[in-house]
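Here's the structure we're looking at; comments come further down.
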Amino acid sequence: QVQLVESGGGLVQAGGSLRLSCAASGRTFSSYAMGWFRQAPGKEREFVAAINWSGAFTDYADPVKGRFTISRDNARNTVYLQMNSLKPEDTAVYYCASRWGSRVIPRVSQYDYWGQGTQVTVSS
């Protein structure tokens with residue numbers, strides 16, 4: 001069982017930055033690939049970024065490439081999402097998720113454990 005708790009969301013103006021954090025429980029954090037997803041009102045949950053167990057491999061959705069950076073600190077059982085040059089269309093609830101194994105997979109259905117989400121609102 002893995003418990004995930006996100007933090008760092010908030011209200012920011014377009015062009016600004018936020019850093020989301022996701023703290024994980026358990027002693028096997030380094031055995032999990034981690035992902036960030038987001039869900040805007042009336043829309044399906046969508047992939048944002050993912051990282052493998054070591055941090056050597058990452059993947060990003062096209063709308064966030066070049067603006068967002070995913071990273072992890074296995075010593076702190078934490079994964080981060082640095083979000084720069086934020087746009088109003090980035091407004092959503094952001095969720096972190098984990099999946100057992102090393103593969104980086106950009107699909108909601110492939111993740112086993114989810115956090116409660118943190119709201120990000122970007123004003124124009």
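For reference, positions follow the sequence shown, starting with 1. Since we're looking at a predicted model, the values are computed, not measured.
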Hydrophobic cluster of Val108, others only, ordered by chain and residue number, side-chain cut-off 4.5 Å: Phe37, Phe47, Val93, Tyr95, Tyr111, Trp114

Fellow cluster residues of Leu11, listed by chain then number, with links counted only when side-chain atoms sit under 4.5 Å apart: none

Quick one: ring-ring contact (aromatic ring centres under 6.0 Å, His included) partners of [X], sequence neighbours excluded?
X: Tyr80; answer: none
X: Tyr94; answer: none
X: Phe29; answer: none

Interatomic spacing from [atom1] in [X] to [atom2] in [Y] - rounded to 0.5 Å:
X: Leu81; Y: Thr118; atom1: CG; atom2: OG1; result: 11.0 Å
X: Thr78; Y: Leu4; atom1: OG1; atom2: CG; result: 10.5 Å
X: Gln3; Y: Gln116; atom1: CD; atom2: CD; result: 10.5 Å
X: Arg99; Y: Ile105; atom1: CZ; atom2: CD1; result: 3.5 Å
X: Met34; Y: Ser71; atom1: CE; atom2: OG; result: 11.5 Å
X: Lys87; Y: Ser124; atom1: NZ; atom2: OG; result: 14.0 Å

With sequence neighbours excluded, residues passing salt bridge (Lys or Arg N to Asp or Glu O under 4.0 Å) with Arg76: Asp73

Shortest non-hydrogen separation from Pro106 to Val104 and the atoms involved: CD-O, 4.1 Å

Nearest non-hydrogen partners of Trp36 and Ser21, listed with the distance: CH2-O, 3.7 Å

Beyond-backbone contact of Asp90 with Arg67, side-chain heavy atoms, under 4.5 angstrom: yes

Criterion side-chain contact (heavy atoms from CB on, under 4.5 Å) on Met83 and Leu20, from CA distance to verdict: CA-CA 8 Å; Met83 305 186 295; Leu20 305 183; 3.8 Å; yes

Contact list for residues 13-124, test disulfide bond (SG atoms under 2.5 Å apart), sequence neighbours left out: Cys22-Cys96

N/O donor-acceptor pair under 3.5 Å between Ser30 side chain and Asn74 backbone: no

Can you list the residues that meet the side chain to side chain donor-acceptor pair (under 3.5 Å) rule with [X], with sequence neighbours excluded?
X: Arg19; result: none
X: Asn84; result: Ser17, Gln82
X: Ser102; result: none

Do [X] and [Y] share a hydrophobic cluster, counting only Ile, Leu, Val, Met, Phe, Trp and Tyr and linking them when any side-chain heavy atoms are less than 4.5 Å apart?
X: Val64; Y: Ile70; value: yes
X: Val2; Y: Trp53; value: no
X: Val120; Y: Val79; value: yes
X: Tyr60; Y: Leu86; value: yes

Of all pairs that satisfy salt bridge (charged side-chain N to carboxylate O under 4.0 Å, His left out), the ones with a partner from residues 42-56, not counting sequence neighbours: Arg38-Glu46

Summary of salt bridge (charged side-chain N to carboxylate O under 4.0 Å, His left out) pairs that have at least one residue in residues 100-120, sequence neighbours excluded: none

Electrostatic pair Lys65:Asp62 at N-O distance under 4.0 angstrom: yes

